[in-house]
Each structure stands twice: as C-alpha cells, then as structure tokens.
Amino acid sequence: MSDKQEKPNKNSRREFLQNIGMAGLGSILGGSAIWAGINYDNKKTKNDRIRVLTAQNELVEVERSQVKTIAKSTQETFTYLQQRGRDGIAGKRWVMVIDLSKCRNARKCMEACQSAHHLRPEQHHINVLKMQETENTPAFYMPKPCQHCDNPPCTAVCPVDATFKRQDGIVLIDNERCIGCRFCIAACPYSARVFNWAEPLYSELDKDTVYDVEKNVPQRKGTISKCLFSADRVREGKLPYCVSACPNGVYYFGDENEDAVTNGTTKETVRFKKLLADNGGYTLMPELGTHPRVYYLPPKGKVYPFQDKDREEAAEHLG
Amino acid sequence: MLKNKLNTRLFVTFSLATLLILNCFSATWDVPADQKEKKSYIKFDKQTSSQGEVLYNANCASCHGNPGKNNILKSLNPIPPDLSGKSSQALSDGDLQYILNTGRGLMPNFKNVISAEDQWKVISYLRGFNPNYVQELSKFDPNKSKLVKLTAKFDSKANILTVMALADEKSGKIPIIKAEIAVFVKRYFGNMQIEKTVLTDNFGKAQVVFPKDLPGNKTGDLEVLVKLFDENYGEVQTTNKLAIGVPTDKPALNEKRAIWNVLAKAPIWTLSLYLLGVFAFILLLLYLLNNLRKLYNSKTI
Amino acid sequence: MLTQLKIEKITSDLLKPIRLTKSFLIWMGFLGASLLVCLFAYFLQLRDGMVVTGLGDYVSWGMYISNFVFFVATSLIGMLISAVLSLSGQKWATPLARIAEIIALAFAAVAGLVIIMDMGRPERLLNVFIHGRIQSPIVWDVTVVTIYVLVSTLFLYIPLIPDLKICSEKLEKLPPFARNLYKFLSLNWNNTIEQKKLIKDSTRVLAIFIIPIALAIHTVTSWLFANTSRAGWDSTIFGPYFVSGAFVSGCAAVIIAMYFFQKNYKLQDYITDFHFNKIGQLLALVSLVYLYFNLNEYMVPGYKMKLAEAKHLKELFSGSHALLFWSTQLLGLIIPIILLLFKKMRKSGPLLIIAAFVLIGSWFKRYIIVFPTMEHPFLPIQNVPLNFKIYTPTLVEILVTIAPMILVLIIITILSKIIPIIPIHETIEQLEELEENKK
C-alpha cells in the first residue's frame, strides 16, 4: 500500500482510492479527512461518490476525488480500528430481545454469524439450544448469544484487558492482545465464548486483512472469540448479522436509551419496555447478578411446535 | 357406558369442528373489500418481474420455496403454499399485497421490509407463472403526490400532534379526506410508529396522542416523521424536529470504578491491597539484602 | 574431642553425595531424554495449536491447569516444614528443612512454566506485565508465585551460607571455579557471633513472612476456580480446602524424597526411622484436616442438591467420573489415613508406598476438581462435536503434562548434587547443644 502512496501523480489518486476502498471503508478515516464537496457535481454517477463514516459516527456521502486519506499504513488503520472499537458509541446502550415463541430452529442466525465472523462450524457466537428446564415444562428452542452482561464475570477475570466492556454495553474481545488463558471461558456462566483451538478456517484468506476488534476478523489461533453484537454493523446503523438473518421475527435489537427495539425480520420498531411488559420478558439466570443486556420473551403460544426428534436432546440436560 | 359414548361423540364432533375451523383459517384470508380491489399502478413486465425475483428469493423463498420447484419448507404448520399454484393465483393482486403487509402466524409481515412499489414487483414476478393472468392497472397517478401539503403541530398541553393534509389543486386548497396518517419517531435502527394509523376527517385533519415518556436526545429533541397515504395522492411524508421527548443522557456503562475495566478504574480495595502486598515484599527484600551485605562486610571475629 | 570427631564425620558424610557419580549421570541422561520427548510434544502444540489436546470450548481447562494446581500445592510444603515447624520449635524437622525447601523451590519455579504451557499464545506472556489488570486473579497469581519463588530462593540460600563455606573448604577434587563460586556465595562467612545472629534473624523474618505468602499463592490459585459461579467451584472454603490439600501432597513428596536421599546418599544416620515416624504422623495430621475439608466440600452442596451442583455430584459419586473419584478419595486419602494410624506403617518402606499413593492421588484429586465441573455448565452443550462434551486427554497433552514433572526431578537432583541435602551447620549446632545439655 505504501509504495502506491508515494506516487505524487494526481491521476493515480482514483485508482489508489479504489484500492483503499477494497481494503474496507474503515481505512478511510476521520471526519477531518473529508472535504465537504464545494463543487458537488450532481451529474456524476453513483460510482464517483463514496459513503464514509466520520469519527462523529455520521454516515456521509462525498465525492471520491474529494476524499483525502490520512490512514497511511496498516499499523495506523489498526490503531484507529482499535481505538474506535474500544471507545464504543457514545450515548447508546444496546439491548437485544429474543422472542422464544417465534423461534423454529431455522438456524439462519447461526449461519449468518459464522460466515460473518469466519468461524468454524463448531464455533458458535450464537447457538440455538434445545431447552427443557423441568420434566413437565415444555421444551423450546432458545437462541443464546453472549448476554453482554452489565456485570460481566468474563471481563473481570481477564488478566490483560483483552476482553472489555464498552460504554455502549458491548463486551468485546481483542484477539491481538488475548494471551489464551481461557479464564473467561471458565468464568462465563452462559458458555458464550469459543476458542480458536486450531488455525482458523480463513486464516489464509484473511492474511492481509487489518484486524477489526469490532468484528474480530481475522480470527487468530490460540485466542478467544465471542459474540460482539455485530459492533461493526451497529456502527453503520445496521442490525446485527443474526438479527437481520432471522426469517421468523425472533430478534429485536435496539437502544435502551431510546426505549426502542427493531425487529430484524419485519423491521418494525417498537417500544422496548412495553414489549417486555406485554410479553413477560425476562433475563437468563438473573440470580447470578450478571445483569444481561439480552432479554427473552417466554415461549408462550408457540407458532411452531417443538419437534419430536429434538425432544431427547432437550431432555438430556434435565436434572 | 352411556357417558363414555357421549364423551366419544362429543370428542368427534369437537375434533371435526376444530378441523373445519383450522381448515378455513388456512385456506382463506379475511381481506377487507377495499384492499381486495387494490391494483398496481406499475405495469408488470420483464423488468419488474426480474426485480421481483430478487426480492422474492431474499424474503420469501426460505419458506415458500421457488415457484413450481416443489422445495417448500414442509416442516412448517400450516405448510406454506406454492405461490405459483392454483389457490394462490386465484387471489387478487390486492389480496396478495394485503397478505404481504399483514402476515399471519409463522409468516411475518413485510410492510416495513418491502416498500409498496417493491411489493408490486414481487407480485409481478409471481404472476409470471400464471399464463391466464391479465393485469388490470390502477388509475392512480403518482405525480399527484406532489400536490400534497402536510403540516404537523404539537400541542404540548394536551400532548397531541395535529396533522393537516391539504392538496394544492387547481381549484384551490382542498382537504384530503379519509387519508391514512401514521406518525413515527426516528430511532437508531428504524422508525417507530406512535399509536395507530388514523384517518383524516372532513377538514383533512388528524390527531395523534403522543406518549409523555418517550426518550429524546440530550435536549429532549425528537425527530417526528408524518406519513400520509391516500388512494388518489399516494404516499407523502414530512419530518419535524420537536422538543417533546424526555431529555436522556445516561452515563456510559463503563464509567464507574468497576471491576470490569482497565487498571485505571480498578476498585480501590484491590489496588491498595495489591500495592500493600507488593510493598511489604519489597521491604522484606531490602531488609534481607541489607543483612546479606552486613554479613559480607563482617569478616573479623 | 569426641565432639570434634563427630563433627568431622558429619561433615564428610553430608558432603559425600556432592560429586559426580555414574548413577547420577545415567539418571540425568534418562531424565534429559524423556524431557526431550515431552518438549517435542509441546512443539507440536505450538505448531498446530491447542487442538492437539483433548480440550474444547466447554472443557477448556483440563490436565494442564490441574497440573498447575498440583505444582503450586506441592510447593507449599517448604513453608510448612521450614517455617511453621521451626517457628513452633519442632527440632525433629531440622534435617528435613532443606529437602522441603528444595522441593518448594523446584515446584514453585516450574509451576510458572506449567501455566505458560496452558496458554494459547505463550509468546504474549509479556502482555500480563504491559496490560496487566490487577482485578484479575491471574495477575495476583503471577505476582504471588513470583514472590514465592524469590522468597523461597532466599529461604533456601540464607541458611545455606555456612554450608557453602564448608563446601568451599572441605570438598575435595573441586574445580577452582566451583570452589570460588562456593566461596563467593558464602559471603565471607566466618562463624562469628554477629554473623550467626544475622543469619538467625534473617531466617526468622523469612520464616514469618513466607507463611502469608505461601498461603496467598494457594489461596489465589483456588480463587481461579472459586471466583467463578460454576457448580463444584463456587465454594467459600476453596482457599483452606486447597491449602490443606497442598500440605498433603507436599508431605508425600518430601517423604518420597527423604526415602531416596536416605538410600542413595547413604544418610541413614541422619534421616532415621524417627524422622519417618514423625513425618508419617504429620502426613496423617494434614490428611485428616484435608478429609475434614473434603467432607465440607461435598456434604454441604450434597445436602441441598441445587440443580447444577446435584448434576455435578451425581457424576462424581455414581456417574461417569465415579471410578476416578472414589479411587482418588479412597486410595489417596482415606486408606492412607487409616494405615498411618499404625506405627508399623510409619517406617520408611511402607511409608514410601503410602506416600506414593497419596502423591498420585493428590494429582488426580486436582484433576477431578478441574474438569468434571467444566463438563457441566449451566446451559446444555449442543451443536458441537462429541469430544467437546466428554473430555479425553490426548497423548500429546499427557506428555506435555509430564514435562514439568521431569523438570522438577532434574532441578531437585541437580540441587542435591551441588549443596548438602542435610544442613551441616545446623546439625553440628544441634549436636553441640546436645553435648552442652549433657554437661
């Protein structure tokens, strides 16, 4: 990248920018980097404009030729992504609501998540569990992402601040710092964390990708990986991968401060507290004092019955 | 014995009735008459059909399968119909759009996911599988929506948002009557509707009661979106920034001197205990080293 | 006159083992070769990742962590014998103090390596110092283990100073550099009253301070588990439970070491049946204390049978881990306690066998504290391969686990070949005291 940078030729700028664009929008940085177009030319086609996320977290569209990049090296991009990832988004408190009455174990959430985060098939940031809590209570399907607890036991035990809580409530993992002690796995009561026991599946493909802590890609051998509430998507104003992949309207995602959550399937936005109040929302294992940011609506009036073939597996966990 | 028989009979009757009801339920949709007659103002052609196919594959195919390919998700109850089949094609264009917008049971609604125009394109794609279908176009003129003047005023005492819908016709300003008015508040991932959709009265006026506890930004500002939908004038919307929300400025979730954060925010008890322990050890080490030094220097008896 | 003769005999007896022998070389060669095999296994783990172990996303701590706990535990014995017993005036333990200290130092130093072997990214070890969060029990552990290793080194070294002087003067056939090194390390020791007082004071201060430090290392190690909410670990008595268990394994290790030093280094006059009897009693005592904590640890949750705890206990008592659990408890704790009550069993031969059972039992005890809990998290284990649900260690993992054990043996053997394994100076002092008392 840097050898191209040295060319002073103006004509090469567009080509250079396209290269940058391929490396990800994230490499074009900062509000200060954007020159508000003075001569904004409306005749130009869509391809001559580029959408850029500013440091103030606004998505703006500017002319390609007006963009001046300040991220010169991989190292600088990395530092920027780290800083952005550790800061989080001010004024937000993300919450997820999972409506168990709608889940039919379609597992589109798991697929979308694994492909977005370059995971192996046995690695689950989100796992749809077949649950049965007591003998006479019904079995149901329960998607289980990281609960993004407000009192996270995992970040408390991390010796190197590799996993941490952001101001917007997301618990992230920095696999460029993780030493692989796996204390967080031991501490997490929700079994929400996975480890890269072997060389990650796409490590060859991701060789030149700059590590983005908000996406935890590329994955690294010998480090932890976990659900990130799709921090990279949320920053762009999009719903998390799993939420928007669900075909059954199971997931709601939103901001507790706005008291609103948006359904990933119907894109309907409803009031968060009212949704919980009307449907008897609850959190998993509240007695542990972890204060999850993931809420569940009970599997009442299921539209899709629990399948007989899954009964045995669900009952395995009974006492 | 008799009781038993009666029970059996009752059971059979009951089951039959249930079956009948279920059957009806899955076969028919209770579509309002005016919806039924809705027609597309877009001409169905090859282009709309192929655009519709993309939308269909993204939103519908996971359950309904590809039309005519017999790859429906059969584990669902009721089994979703093949939309190229007879029963589905017997539905009117208006019926299909209504179903898309409302959803039922396992089928989610798509009213916020696929725009009205795109919904017609999906229907256009489906109609391609029916050789007998002849499209009837609606008489709607999309250019008429430019005439609409939509204004919103908020009465902070009564907490009511009053919307006025007028059309700038050649004959002068006339109220738009019985148009659907929906009020939304902008949220991070989408617009949240306030109350239900209301109809304008004879003066083109509609009122929506606003909740008092809606969180706004730091200063309590809310971005309010008013949408109008009318048979003749189509869809029109305006956005207003109103200071009617509850000012919200919650602290960051990692602000406290909490156990989950970096060294700088370590709890004081941990910090002091740790430093005290290390300090005590350093004192011990200094004491011992001093003793060793003395030992080294004290040669003589 | 008689005393002088005795002193010379003691000195020559205790210095005799310090020379190269054929058996020593063969033994070291064997240890070295085994270590290489084990290190190759570790190389495989570095190359291919931890997938070569039997660990998975659910049982993510297994043999390595139990090994670490075992090592930290065994190292606690230095504190018990050299500090607690000497402070409480138990003179019989004096000849055993150095053996205990060597074991303590070797196990504590290697414990640090064991934990590195469990890390997914050992090359990032420095992150613990660069980005360390003092809220994490791992950082506490790193701190106290480091401190314990340093203090143990001093605790071994300071009482050794007079002996080093003896070594530099009395050892024959010593290469000059070694003699100079002994001399340098003996810090101008001249047996003056002032020097004696300095050594005595330093040792006493060390003995006092090493007690909280040693308690800290194992308590903190127990907190690695107890600070989580998992069934089987979520316990308030884990600190004392681990510490009492530590004395059991440490005592057993000292007994085994005593036996081999007595036999191989011909120290029958110094490590006698009296000592075996005494340390046998000590082992019985600490085992009883440990049994008491075991009772608490299993009886209290077993009485309540809370869901997760019940599942855990059922697996241990009658489920898939029952065989391992009961053999560990019976062969490694209960039967040894019963046997140790008989004086006949506290002679060197039988005691060696009992201690061997206790030591192996101690290792497996840590093993069944660590992994069964991880096999039973709060939420079901689903959609993962079977080997994530049931933990089975692999050969590579076992070899990597054995490596530190070999390393400990190497360290103990080498130390016992360069310093007198029984403190010469103190033995002489005790003899002189005895003579004086006779007069």
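Proteins get letters first, then strands, A, B, ... in listed order; numbering begins at 1 in each. Values below: every heavy atom of this structure, side chains too, minus hydrogens, waters and symmetry copies. Just so you know, these numbers come straight off a predicted model, no measurement behind them.
When heavy atoms are compared at a cutoff of 4.5 Å, B:Leu285 approaches chain C solely by way of its side chain, counted from C-beta outward. Contact of B:Leu292 with chain C is made through backbone and side chain together, with heavy-atom distances under 4.5 Å.
Within residues 147-159 of chain C, the residues approaching chain B closer than 4.5 Å by heavy atoms are, in numerical order, C:Ile147, C:Leu150, C:Val151, C:Leu154, C:Tyr157, C:Ile158.
Rounding to the nearest 0.5 angstrom, the gap separating the CD1 atom in C:Ile166 from the OG1 atom in C:Thr11 is 5.5 Å.
Salt bridge present: C:Asp163 and C:Arg98 bring a charged side-chain N and a carboxylate O closer than 4.0 Å. With salt bridges taken as basic N to acidic carboxylate O contacts below 4.0 Å, none links C:Arg204 and C:Asp201.
Side-chain atoms of C:Arg133 never come within 3.5 Å of backbone atoms of C:Val128 as a donor-acceptor pair (strictly under, hydrogens ignored). A distance-only check finds no donor-acceptor pair linking the side chain of C:His218 to the backbone of C:Gly239 [under 3.5 Å]. A donor-acceptor pair is defined here as one N or O able to donate and one able to accept, closer than 3.5 Å; no such pair exists between the side chain of B:Gln193 and the backbone of B:Phe184.
Among C:Ala216, C:Gly132, C:Ser202, C:Ser136, the residue with the largest count of heavy-atom pairs under 4.5 Å with chain B is C:Ser202.
Side-chain contact check for B:Tyr125 versus B:Val54: every heavy-atom pair is 4.5 Å or farther apart.
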